[in-house]
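The block underneath contains the structure these notes are about, expressed in structure tokens.
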Amino acid sequence: MPELPEVEIVKRGLNQLTLNKKIVGGEVLLERTVAHPISVGDFLGGLQGKAIAGWHRRGKYLLAQLYKWDTKILKLTQLKENQDGWLGVHLRMTGQLLWVKPEESLHKHTRVRIFFGDRSSGSEGHPTHELRFVDQRTFGQMWRVPPATEISHIITGLKKLGPEPFSPEFCPEYLTKKFDKRHRAIKTALLDQTTIAGLGNIYADEALFLSGIRPTTLCKDLTETQIEQLHLAILKVLQNSIDAGGTTFSNFLNVKGVNGNYGGVAWVYNRAGQPCRICDTSLEKIKLAGRSTHFCPQCQEG
DNA sequence: CGCTCCGCCTGGTTGC
DNA sequence: TGCAACCAGGCGGAGC
């Protein structure tokens, strides 16, 4: 399940591989993947003849800034007037963006293909590269944001996102304010993207373990110290995973199709019944707001 | 408004 | 061994 670290790794890979190449075509194999209100034809038509200036990440959303591809554009200063909207992608549960050769045999769950040429392939030359969206469980989505349109008007989920974990806005004081008088489990609050953008089930459980907080603790009952520990734990667990290239205890692949190397060493995630790596106590698994939740009853007393 | 639950999906695992 | 039921979960929307 791609969460913030995995999406960040994908973003970095895309920025290394996909920029400044002309989009020469595309193919949508599953219509549902293209988010409404746009038609598949308008989606592909809107990408045709464009190129990607850069990829950005907001929470778990990927955003590619597009410009009209033109061999005459050699200066970055000219990019601005040639901007041509955005391509948005959310991988949801099982989505993968892979940078492949167009002739590579189709993955079973290929949903969308975007073909790229380069300066050596003529204006309508055959594609030399492909950005392939593979998504087993089909929750993933792609958006085309037309020029001069507010991105969040099309990708409405962006409106509700809380602060980025690595932004100055995300600090213990922010969490204290956010958790004040809130009568729900901290685990549930961490999964809520309006609290923090980018945490998912794996890193929520891991961050709660690192901060010694029981997932069922109500937000309003967290102490100042606990909130400070949680704040640090969130940053630590996310940064560690980014540094390692994404997790392996999920089936995450980077854009080159390579698994990350977080080492498969989760403290608690998916380890119910196994001994805690700190105290040997058998780890427990419960349901919270419909999500499986893993914790150590000894290390996470508070 | 705050919170929980359901539905969307496919494939791997579990249970009879 | 075969088949059905269950489970995984991000997010939007329904419902209380």
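These figures come from a predicted structure and were not determined experimentally. Note that these values count all heavy atoms, side chains included, but never hydrogens, waters or copies made by symmetry. Note on naming: letters A, B, ... go to the chains in the order of the sequence lines (proteins, then strands), and numbering restarts at 1 for each one.
No continuous path of ILVMFWY side-chain contacts below 4.5 Å connects Leu98(A) to Leu17(A), so the two sit in separate hydrophobic clusters.
Ion pair Arg132(A)/Glu104(A) not flagged as a salt bridge, since none of the NZ, NE, NH1 or NH2 atoms sits closer than 4.0 Å to an Asp/Glu carboxylate oxygen. In summary, Glu164(A) and Arg58(A) engage in a salt bridge, as defined by a charged side-chain N under 4.0 Å from a carboxylate O. A salt bridge between Lys68(A) and Asp84(A) is present, with a side-chain N of the basic residue lying under 4.0 Å from a carboxylate O of the acidic one.
Rounded to an integer number of Å, the gap from CG of Asp135(A) to P of dG11(B) is 11 Å. Between Lys187(A) atom NZ and dG10(C) atom C1' the separation is 13 Å, expressed in whole Å. One atom, NE2 of His183(A), and another, P of dT4(B), lie 10 Å apart when rounded to the nearest Å. At whole-Å resolution of the value, NE2 in His36(A) and P in dC11(C) are 20 Å apart. Taking atom CG of Asp192(A) as the reference point, atom C1' of dC3(B) lies 10 Å away to the nearest angstrom. One interatomic measurement links the two molecules: CG of Asn270(A) to C1' of dA8(C), which rounds to 9 Å at whole-angstrom precision. Atom P of nucleotide dC11(C) and atom CZ of Arg58(A) are separated by 12 Å, given to the nearest angstrom. Here the C1' atom of nucleotide dC11(C) and the CG atom of Leu199(A) are 15 Å apart, to the nearest Å.
If you find the closest nucleotide of DNA chain C to Thr156(A) and to Lys287(A), the one lying nearer the 5' end belongs to Lys287(A). When the nearest nucleotides of DNA chain B are assigned to Arg111(A) and Lys181(A) by heavy-atom distance, the more 5′-ward of the two goes with Lys181(A). Between Lys285(A) and Gly157(A), the residue whose closest nucleotide on DNA chain C is further toward the 5' end is Lys285(A).
Between Gln136(A) and the phosphate of dC9(B), there is no side-chain N or O to OP1/OP2 separation shorter than 4.0 Å. Between dG9(C) and Thr94(A), no contact under 4.0 Å exists linking OP1 or OP2 to a side-chain N or O. For the pair Tyr203(A) and dG10(C), the criterion of a side-chain N or O lying under 4.0 Å from OP1 or OP2 is not met. Within the 4.0 Å cut-off from OP1 or OP2 of dC11(C), at least one side-chain nitrogen or oxygen of Lys60(A) is found. The side chain of His90(A) contributes no N or O atom lying less than 4.0 Å from OP1 or OP2 of dG10(C). Put simply, His109(A) has a side-chain N or O that comes within less than 4.0 Å of OP1 or OP2 on dG11(B). For dG2(B), neither phosphate oxygen OP1 nor OP2 lies less than 4.0 angstrom from any side-chain nitrogen or oxygen of Lys178(A). Distances shown here put every side-chain N or O of Arg291(A) at or beyond 4.0 Å from the OP1 or OP2 atom of dC5(B). Look at Lys108(A) and you'll find a side-chain N or O under 4.0 angstrom from OP1 or OP2 of dG11(B).
In this pair, Phe139(A) lays its aromatic ring flat on the base of dC8(B), centres within 5.5 Å and planes under 30 degrees apart.
Counting only heavy atoms from C-beta outward, the side chains of Phe295(A) and Leu288(A) never approach each other to under 4.5 Å. Looking at Arg144(A) and Leu47(A), their side chains come closer than 4.5 Å, going by heavy atoms from C-beta outward. Between Trp99(A) and Phe116(A) there is a side-chain heavy-atom pair separated by less than 4.5 Å.
Between Phe115(A) and His126(A), the gap from one ring centroid to the other reaches at least 6.0 Å.
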Which pairs, protein N/O on one side and nucleotides 13-16 of chain C N/O on the other, fall under 3.5 Å?
none

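Sorted by first and then second residue, the pairs that involve residues 170-185 of chain A and meet side chain to side chain donor-acceptor pair (under 3.5 Å), not counting sequence neighbours, are Arg184(A)-Asp192(A).
Within 3.5 Å, no donor on the side chain of Arg92(A) pairs with an acceptor on the base of dG9(C), nor the reverse.
Closest contact between the side chain of Arg184(A) and the listed nucleotides dT4(B), dG11(B), dA8(C) involves dT4(B). In this structure, of dG9(C), dG2(B), dG11(B), it is dG2(B) that holds the atom nearest to the side chain of Arg182(A).
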